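Below is one structure, written out as structure tokens; the observations come after it.
Keep in mind that the numbers below use all heavy atoms, side chains included, and drop hydrogens, waters and symmetry copies. Letters A, B, ... mirror the listed sequences (proteins, then strands); counts begin at 1. Fair warning: this is a prediction, and the values are worked out from it, not measured in the lab.
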Protein chains: 2
Amino acid sequence: MGIEERKQREKEERYNVIVDAAEKVIFSKGIEQATMQEIAREAELSKGTLYLYFKSKNELYTAITLRGSDMLNRRFARALGDDHSGLELVRKLGRLYLDFVKEHPDYFKAFMHYESMSDVEELRESDIAGQCEENRREALSFIIRALQIGMQDGTIDERYDPRELAMVLWASTRGITTVTHMKGEGHYFRVLDEMEIDTGALFDSYLALLSSGIASGKHKKES
Amino acid sequence: MGIEERKQREKEERYNVIVDAAEKVIFSKGIEQATMQEIAREAELSKGTLYLYFKSKNELYTAITLRGSDMLNRRFARALGDDHSGLELVRKLGRLYLDFVKEHPDYFKAFMHYESMSDVEELRESDIAGQCEENRREALSFIIRALQIGMQDGTIDERYDPRELAMVLWASTRGITTVTHMKGEGHYFRVLDEMEIDTGALFDSYLALLSSGIASGKHKKES
DNA sequence: CGATTAAAATGACTCGCAGTCATAAAGTGA
DNA sequence: TCACTTTATGACTGCGAGTCATTTTAATCG
């Protein structure tokens, strides 16, 4: 009796069709200008149906956030499988994040929006937001693991608390990627345009700075 | 003939009355739930009048952002007058930013919203947003100055490009303050709650990390 | 196969708000 | 007091999020 399963599958399929449509519309006109009507049209469904799958427009946008964070975490997970030193792994994770932002600025925008909503009651009731939180936890755990590997193989200073340090790295890297994101097409951020700073160089500076801070004595590259 | 001046003054006064009212309403219910009608009531003016002073609800919120950034910059400016080493100044600026966020989370929320709007056309036409950009430039220039002071007095490694480094510091500090902000009342950020990390300690770690990265050789505090 | 019931989809409708604009009031100057 | 300009008003419009009574589709059973 595979009927239940088939129904389940069809439900997931519809869910994905809707999120696909939402991405098309929201990525092209922005969350504020996008309307549920248009997303419904794009998905070839009625507006009402959208509300059978998502509690609100915001939750639908959260589903997009979830997709982005899934993708990012998959990349992180893959990198952790590689055979690198802990310090290299930490750098690698940072670089993957940056690449992701450059490659998928629309998902990053969704991340930003999700964060700016973090004090809205509505979020807490949403399963989808719950999964986003789970992904955040996982991402952080990847960094912690990389740090622990580094402490074992001697590339990272073992006097740090890996959990605290992971949070510091996560947060500060997020800041750098935000700036990189805003350097992109169509953002109003004058100073960034005027100082003709290359964001690649910016990120390299950042990594060098951090590396020298977290590396164990013998692995610091001092001039 | 002080009539023109008086009119000017009255205009500014009304502007401030409106922004005061907007703060009351928006800070208490959030930008999405706040209505222009209610802000008008709070300001004891009609809704139409609000639109004589602000192009849109978003621009009104931008005016709040401007107030916040003015306040922050004033604090920065004051600190730069103090007699500190460059390295200490850089740390001081970071700490001032953090204190500001803790003291005025609502302004910081406005900052976040302003950033998440940076790709909306509308912003570019707004004088008020222009002043926000000017403030960003000024804030960055404070950091650059602190770095230059440090390079002169020998507390900061002079091999860095101060402008690039300033941007790195600005961006990464922003990331840390964001996390600190989200640790506060009513934010949905599970990992942060579960790991019972103190944000004060987090910031200290961050500062220590950076300091060891940017300090000149003789000013590093190695164990 | 109908017939019966359950589940999913629909789109017309409500409601609330951002933003407008014709009208009114207040201020200015002669 | 009148003519004219500037500022304020709130009724009004348009639009879009979210709802829900109704219809359509699909599963279940005799």
Side-chain angles (χ1 to χ4, degrees), chain A residues 1-22 25-26 28-64 113 117 120-123 125-126 128, chain B residues 1-22 25-26 28-64 113 117 120-123 125-126 128:
Chain A
M1 185 64 78
I3 286 183
E4 274 313 310
E5 292 158 34
R6 200 200 68 225
K7 274 196 176 176
Q8 195 53 38
R9 230 182 316 125
E10 280 176 355
K11 232 175 184 174
E12 275 171 33
E13 220 153 275
R14 270 243 188 345
Y15 175 101
N16 283 315
V17 165
I18 294 173
V19 180
D20 286 342
V25 175
I26 294 177
S28 84
K29 20 177 63 176
I31 182 69
E32 290 211 344
Q33 295 307 313
T35 73
M36 290 300 263
Q37 189 53 249
E38 193 175 347
I39 293 170
R41 208 179 309 129
E42 182 69 39
E44 297 177 302
L45 290 165
S46 73
K47 186 151 75 110
T49 304
L50 266 52
Y51 285 93
L52 293 178
Y53 289 83
F54 300 93
K55 281 204 268 287
S56 67
K57 186 172 153 185
N58 271 331
E59 192 182 45
L60 181 44
Y61 199 31
T62 303
I64 294 177
H113 186 265
M117 294 228 337
V120 175
E121 200 56 48
E122 175 195 357
L123 260 199
E125 332 260 84
S126 161
I128 299 174
Chain B
M1 181 64 81
I3 287 183
E4 275 311 310
E5 293 156 33
R6 199 202 66 226
K7 277 193 175 178
Q8 195 54 38
R9 231 181 316 126
E10 282 176 353
K11 233 176 185 172
E12 277 171 32
E13 220 154 273
R14 273 248 186 335
Y15 174 102
N16 283 315
V17 165
I18 294 173
V19 180
D20 286 343
V25 176
I26 295 177
S28 84
K29 21 178 59 175
I31 181 69
E32 291 211 343
Q33 294 307 313
T35 74
M36 291 300 263
Q37 189 52 249
E38 192 176 348
I39 293 171
R41 208 179 310 128
E42 181 69 40
E44 297 178 302
L45 290 165
S46 72
K47 185 150 76 111
T49 305
L50 266 52
Y51 285 93
L52 294 177
Y53 289 83
F54 301 93
K55 282 203 268 289
S56 67
K57 186 173 152 184
N58 271 332
E59 191 182 45
L60 181 45
Y61 199 30
T62 304
I64 294 177
H113 186 264
M117 295 229 337
V120 175
E121 201 56 49
E122 176 195 357
L123 260 198
E125 333 260 83
S126 161
I128 298 173

Side-chain N or O of [X] versus OP1/OP2 of [N]: is the shortest distance under 4.0 Å?
| X | N | value |
| --- | --- | --- |
| A:Arg14 | C:dA8 | no |
| A:Thr49 | C:dA9 | no |
| B:Tyr53 | D:dT7 | no |

query = Base, sugar-phosphate, or nothing: which does A:Ala40 touch, judged by heavy atoms less than 4.0 Å apart?
reply =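 Nothing, no heavy atom under 4.0 Å.
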
Using whole Å, what does the distance between atom [atom2] of nucleotide [N] and atom [atom1] of [X] come to?
| X | N | atom1 | atom2 | result |
| --- | --- | --- | --- | --- |
| A:Lys11 | C:dA6 | NZ | P | 17 Å |
| A:Gln37 | D:dG18 | CD | P | 13 Å |
| B:Ile31 | C:dA18 | CD1 | C1' | 12 Å |
| A:Glu10 | D:dA26 | CD | P | 9 Å |
| A:Glu44 | C:dA9 | CD | C1' | 14 Å |
| B:Leu52 | D:dG10 | CG | C1' | 13 Å |
| B:Arg41 | C:dC17 | CZ | P | 10 Å |
| B:Gln33 | C:dG16 | CD | C1' | 11 Å |

ask   = Of all the nucleotides listed (D:dA17, C:dA7, D:dA8), which has the minimum atom distance to the side chain of B:Ser46?
value =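 It is D:dA8.
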
remark   = Closest to the side chain of A:Thr35, out of D:dG16, C:dT10, C:dA7, is D:dG16

inquiry  = Looking at A:Glu44, I want to see if its CD is surrounded by more than 12 non-hydrogen atoms of other residues, nucleotides or ligands under 6.0 Å.
reply    =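 No, the 6.0 Å shell around CD holds no more than 12 heavy atoms from other groups.
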
message = Ignoring hydrogens, what is the shortest heavy-atom contact between B:Ser126 and B:Lys55? Give both atom names and the distance.
response = CA-NZ, 4.1 Å

ask   = If every non-hydrogen atom of A:Tyr51 is compared with every non-hydrogen atom of A:Ser56, which pair is closest and at what distance?
value = CE2-CA, 4.1 Å

inquiry  = Would the base of C:dG19 count as contacting B:Lys47 through its side chain, where contact means a donor and an acceptor less than 3.5 Å apart?
reply    = yes

query = What distance separates B:Ile64 CD1 from B:Ile18 CD1, expressed to the nearest 0.5 Å?
reply = 11.5 Å

inquiry  = If we ignore hydrogens and angles and just use 3.5 Å, is the side chain of B:Gln33 paired with the main-chain N or O of B:Lys29 as donor and acceptor?
reply    =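 Checking the backbone N and O of B:Lys29 against the side chain of B:Gln33, no donor-acceptor pair under 3.5 Å is found.
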
